[in-house]
Amino acid sequence: MIPDDAVVKCVVWDLDDTLWDGIALESPDGTLPTPRPEVLELVDRLSARGVLSSVASRSGPSVLAQLRADGELAGRFFAPQVAWHDKSESLRRIAAELGIGLGSLVLVDDNPYERAEVRAALPEVLTLAPEDAAGLLDLPALDPAGLTEESRGRVARYRDEARRKEAEETFAGSREDFLRWCGMRVRLRTARPADVPRIVELAARTHRLNSSGIQLDTAAVRSMVEAPDWFLPVVELTDRFGTYGMVGTAVVAAADPDAWDVRLLTLSCRVAGRGVSAAFLRWLLERAGAAGAPAVRTPVRIGADNMELRLLLRQFGFRAEQDGSAPLVTFARATDGPLPEAPAWIECEYGAAS
Amino acid sequence: MTSAEPRDALEQEIRGLIARAVGVDRAQIDRLPADTPLFGPEVGLTSLAGMTLLALILERYGVDVALEDLNLDALESIAKLSAFVTHHRAD
């Protein structure tokens, strides 16, 4: 029923006769029905394993307003959709709002028609009847033993991000004023053995700001962290809304006296557009220069999905060393010569432990 | 092309697209000479705003800068970008 290799980032719940018994719009006193305790418990257990919950209900706008005003429900459900249109459309909106792929959504709905409609329009979405939803806890990928600290904290970070978005939308002032007000602190330091699982996870999960797209092997990364020929820096971010944990990393072969070879440079798309990538790359170039490397080079996969990374390299004056016919093109620049200014709204700390 | 030459219609349009991508008033971009670097402090293009700009150029002129310009030299300045689009646009 639930494939073992299912990727689940968000469970989308129907409301009437799924989250609660009965139909909200037919409630005699106009209040929302009481949610089923076993469903709320499942939402919380999934949340502790890094799985978000959302809502797709075919009902009236008053139900959405009540849901948002309900202290017990509002914080549990992200990007809730209550509207009369097809549920497949609601799922599309949830995926877009949360910035996750449709294939990582699961619909839980008591109504076989709704499940069939979603399966027909979006075959990549898993659909479950309410009585089968608890089986999600048995997925190997959600086994608590294998979860990183980052995965466990994922739902809390989405909550922080939702507050940040709301603040940005209502902020009176320029975007730069907003970024200053956020109080961003970036910590740049060398990786420790405890960072290895998150480094491997970042390499596997990031696409937009990912240079070469190479996958990392846990054992290999563990030995690189200890080896003097390799330099593995990590980036951590906090702001007034909370901590984002490790949002970026790089794998640098530092033994060649002619150039540092950045085999992988990657940052989480959650921090895109906030100057963190520029602060990271600037620091990396300074470190290379300070270590005596006259140049930095990095292989880049040429594709549409990591275009933003190429723009970052362009901003920093990197040039291609060969033509664009190969799948990986090496870009390079000298470590001397001017670097773009670091974003003025970011406070950088170096080397300190997290 | 230098800043002393008269601005053609295409460059005027591209100044508008740059202002949209960076999220500043059009007048702020109109004041700048054509050889102003896009990634410099006056324009303040970032990697994310650059994505928006390339998408606007593709939509408006059918020119895929990313595909045709490995080093993204077209993003050097307002003038360079205008010249690149002039040269590559489908008529």
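Side chains of A/Arg319 and B/Asp73 form a contact here, defined as non-hydrogen atoms less than 4.5 Å apart.
Proximity to chain A (any heavy atom under 4.5 Å) is restricted, for B/Leu45, to the backbone atoms N, CA, C and O. Using a 4.5 Å cut-off between heavy atoms, A/Gln322 contacts chain B through its backbone alone, with no side-chain atom that close. For A/Phe331, the part lying near chain B is the side chain, with the backbone staying farther off; criterion is any non-hydrogen pair under 4.5 Å. Heavy atoms of A/Arg208 lying under 4.5 Å from chain B belong exclusively to its side chain.
Heavy-atom neighbours of B/Arg20 CZ from other residues, nucleotides or ligands within 6.0 Å: at or below the threshold of 12. Residue A/Gln215 places its CD atom among more than 12 non-hydrogen atoms of other residues, nucleotides or ligands, all under 6.0 Å distant.
Listed in order of number, the residues of residues 296-315 of chain A that approach chain B to under 4.5 Å between heavy atoms are A/Ile302, A/Met307, A/Glu308, A/Arg310, A/Leu311, A/Leu312, A/Arg314, A/Gln315.
Here salt bridge (Lys or Arg N to Asp or Glu O under 4.0 Å) pairs that include residues 322-345 of chain A, with residues two or more places apart or in two chains, number zero.
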Can you give me every donor-acceptor pair (side chain of residues 277-285 of chain A, partner residue at least two apart or in another chain, under 3.5 Å) with its distance?
| from | atom 1 | to | atom 2 | distance (Å) |
| --- | --- | --- | --- | --- |
| A/Arg282 | NE | A/Pro340 | O | 2.6 |
| A/Arg282 | NH1 | A/Glu286 | OE2 | 2.6 |

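Residues passing the side-chain hydrogen bond (donor to acceptor under 3.5 Å, both in side chains) test with A/Thr170: none are found, sequence neighbours excluded.
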